[in-house]
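In what follows, a single structure is set out as structure tokens and then discussed.
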Amino acid sequence: MKFAILVFPGSNCDHDAYHAIKHVLGEDAWFIWHKDTDLRNPDCVILPGGFSYGDYLRCGAMASFSPAMDSVQAFAEQGGLVMGICNGFQVLTETGMLPGALLRNKSLHFICKDVMLKPENTALPFTNKLEKTTPVRIPIAHAEGNYFCDEETLNTLETENCVVFRYCDENGNVTEDANPNGSLNNIAGITNKRGNVMGMMPHPERAVELNVVGNQDGVGVFQSLVHYWQENH
Amino acid sequence: MKVRVVVRLKKGVLDPQGKAIEKTAANQGYEQFGKFRLGKIIEFHTDLTDHEAVLKQAEELADKFLANTVIENFEVELEED
């Protein structure tokens, strides 16, 4: 399976994504500089974490206007898979490819820790190897991860099964205490109606090696993508 | 002429920075002030002279880029040099 990882000025999780895909999963991956419009025919595009454009103006605002993002939008319109992680999620909301916005964390703090996520929709290309009854431990590292949208949008997300992950406790209970940043309904990740574009604030690519970081709960997201591709290409 | 775009958070959007500012101001003895909301001012310049055209173009830019209209409102003001 072929993954194109976009690199904006200030992206810093591109290499973690590359390592997870290429070295841990053994799939193919390459980098696409934000000014390039040729994605080189991938099966999935990754928008990685980091601080594109220094988070100037708004997180992901300027990256969303990159020439490469025009190509990513066209790719998604044709059904291509797109996964935005952290800053990548912010870019997706800025382009409108996903609804809502990521606000400053309620506590105002930059939060860097492991959280538990409850997979809400496991029928997606991104989550078919996960189980709703098995929460996963994934690290977050963000200051603007507070998911917000208006009431109508929230209603649509909930009723159309577009919430992918929610912050929960060790036992999978979705509680206020388990919410690190104030996100509405503890939303940690969402998908578009079509189910081919997903954004999540936590970093699954930082939890793919048990013997290196002591956690491989994130590998399921990547395995899901590979499984989906194997079944569908 | 100068263009000034004021960007504010929409009502109902949580502003934790505003709350933090309010708390610190109160600690300084300014409890009479409340409901702080933090916004942005973006100023730029143009050599164009048609007010109507500049206003329209600046509003377009503000709507498309300077403000995130999911969570922010904006106002455009023009000022002669």
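Letters A, B, ... are given to chains in the order of the sequence lines, protein chains preceding strands, and every chain is numbered from 1.
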Roughly how far, to the nearest 0.5 Å, is the [atom2] atom of [Y] from the [atom1] atom of [X]?
| X | Y | atom1 | atom2 | value |
| --- | --- | --- | --- | --- |
| B:F65 | A:E94 | CZ | CD | 9.0 Å |
| A:R104 | B:L9 | CZ | CG | 12.0 Å |
| A:D150 | B:I71 | CG | CD1 | 12.0 Å |

Quick one, A:T93 and B:N68 - any side-chain contact, counting heavy atoms below 4.5 Å?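 A:T93 does not reach B:N68 side chain to side chain.
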
If you define the side chain from C-beta out and look only at heavy atoms, does anything of B:L14 sit under 4.5 Å from A:F148?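 When only atoms from C-beta onward are counted, A:F148 and B:L14 do not touch, as no gap falls below 4.5 Å.
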
Least distance between heavy atoms, A:R58 atom then B:L66 atom: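 Result for this residue pair: NH1-O, 3.0 Å.
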
Return the option, out of B:K64, B:K19, B:K10, with the maximum number of heavy-atom pairs under 4.5 Å with chain A.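 Most heavy-atom pairs within the cutoff with chain A belong to B:K64.
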
Residue [X] excluded, over 12 heavy atoms near [atom1] under 6.0 Å:
| X | atom1 | answer |
| --- | --- | --- |
| B:F44 | CZ | yes |
| A:E152 | CD | no |
| A:Y56 | OH | no |
| A:K106 | NZ | no |

A:L57 versus chain B, heavy atoms under 4.5 Å apart: side chain, backbone, both or neither?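 Interface part for A:L57: both.
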
